[in-house]
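Let me begin by presenting the structure, written as structure tokens, before commenting on it.
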Amino acid sequence: MAVQLAPVPQPLAVWNQFIARQTETLILREKVMSLSGDSFDITLQNGQPILKIQGKVMSLSGRKSVYDMAGNHLFDIVKELLHIHATYAAVDPSGRKLLEVKSSFALLGSKATATFTNASTGAPESLKMKGNWFDSAADIVDEKTGFVVGRINRKLLSGRDLLFGQQTYALTVAPGVDLALMVAMCICMDEKNNEGKGGGLLGL
């Protein structure tokens with residue numbers, strides 16, 4: 001049975017055009033053997049594509065560019081250097097920071113905090129991502145309300161995925177929450193947990 005998440009009390013968004021009208025499950029699938037660097041497609045569970053992510057070969061910051069299906073450049077995800085804890089940011093094409101994701105140490109599992117200005121209200125927001133990444137699951141929780149706004153499940157689907165190191169994620173997003181925002185958080189979390197392992201959706 002499909003996971004259903006409760007609607008949030010007010011919209012949570014950086015990109016208003018991607019606010020979910022109902023519980024949506026996205027599939028993030030890494031492209032196998034891409035010649036242009038790491039890249040992957042993001043679709044709804046029914047197969048409808050909504051976002052494309054393209055990696056930059058030999059980029060020190062691991063820059064990944066995110067586009068909508070009309071080819072519009074929405075934002076880049078970059079690793080920010082010179083931080084004690086691993087920190088990633090989503091920046092718009094002009095370089096303005098829209099979202100910051102900072103990791104913290106946890107004895108059991110992984111933790112990260114995302115901060116951004118809510119495009120719907122203009123208020124600062126903070127989301128906590130916590131879960132045992134090694135068991136391939138994490139919840140994203142709104143610190144103000146305690147609502148679970150997103151749930152990540154990492155799936156190893158087939159022998160072909162294993163052979164090529166391809167990764168596939170299911171990302172469930174609550175009604176009223178920005179799909180692109182949740183995707184950006186998932187990618188940042190994946191990259192943090194693959195540092196030093198030579199892999200991951202952003203594998204540097």
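All values derive from a computational prediction rather than experimental measurement. Excluded from the calculations below are hydrogen atoms, water molecules and symmetry mates; all remaining heavy atoms, backbone and side chain alike, are included.
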With distance as the sole test, does [X] use its side chain to make a donor-acceptor pair with the main-chain N or O of [Y] at under 3.5 Å?
{"X": "N72", "Y": "L74", "result": "no"}
{"X": "D92", "Y": "R96", "result": "yes"}
{"X": "T23", "Y": "L5", "result": "yes"}
{"X": "N118", "Y": "P11", "result": "yes"}
{"X": "D178", "Y": "L12", "result": "no"}

Original post:
With distance as the sole criterion, is a donor-acceptor pair present between the side chains of K128 and T113 under 3.5 Å?
Top reply: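 Side chains of K128 and T113: pair found under 3.5 Å.
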
Original post:
Between the side chains of T43 and Q48, is a donor N or O closer than 3.5 angstrom to an acceptor N or O?
Top reply: no

Nearest heavy-atom pair of [X] and [Y]: which atoms, and what distance?
{"X": "T87", "Y": "E100", "value": "CG2-CG, 3.7 Å"}
{"X": "M69", "Y": "P49", "value": "CG-O, 3.4 Å"}
{"X": "G122", "Y": "T117", "value": "O-CG2, 3.6 Å"}
{"X": "M182", "Y": "G150", "value": "SD-CA, 4.2 Å"}
{"X": "E24", "Y": "L44", "value": "OE1-CD2, 3.9 Å"}
{"X": "E143", "Y": "S126", "value": "OE1-OG, 2.6 Å"}

Subject >> CG on L171 to SG on C186, rounded to 0.5 Å >> reply: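 Result: 5.5 Å between the selected atoms.
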
Subject >> Inter-residue atom distance L99.CG - E125.CD, 0.5 Å rounding >> reply: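 Taking CG in L99 and CD in E125, the distance rounds to 12.0 Å.
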
Compare all side-chain heavy atoms of [X] with those of [Y] and state whether any distance is below 4.5 angstrom.
{"X": "I42", "Y": "I27", "value": "no"}
{"X": "V66", "Y": "L51", "value": "yes"}
{"X": "S120", "Y": "Q10", "value": "no"}
{"X": "L127", "Y": "L181", "value": "yes"}
{"X": "S65", "Y": "I53", "value": "no"}

Subject >> R63 with D76: basic N within carboxylate O range, under 4.0 Å >> reply: yes

Original post:
Going by an N to O cut-off under 4.0 Å, is there a salt bridge joining R151 and D139?
Top reply: yes

**OP:** Applying side chain to side chain contact (heavy atoms under 4.5 Å, CB included) between T145 and each of V149, V148, D142, report the one that passes.
**Re:** D142

Original post:
Any link between V183 and V91 through a network of hydrophobic side chains (Ile, Leu, Val, Met, Phe, Trp, Tyr) touching at under 4.5 Å?
Top reply: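 No.
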
Subject >> Shared hydrophobic cluster for M129 and L98 (ILVMFWY, side-chain gaps under 4.5 Å) >> reply: yes

Subject >> Residue that, paired with F75, satisfies ring-ring contact (aromatic ring centres under 6.0 Å, His included) out of Y67, F116, W15, F18 >> reply: W15

**OP:** List the steps, then state whether side chain to side chain donor-acceptor pair (under 3.5 Å) holds for T25 with T172.
**Re:** CA-CA 4 Å; T25 296; T172 303; 3.2 Å; yes

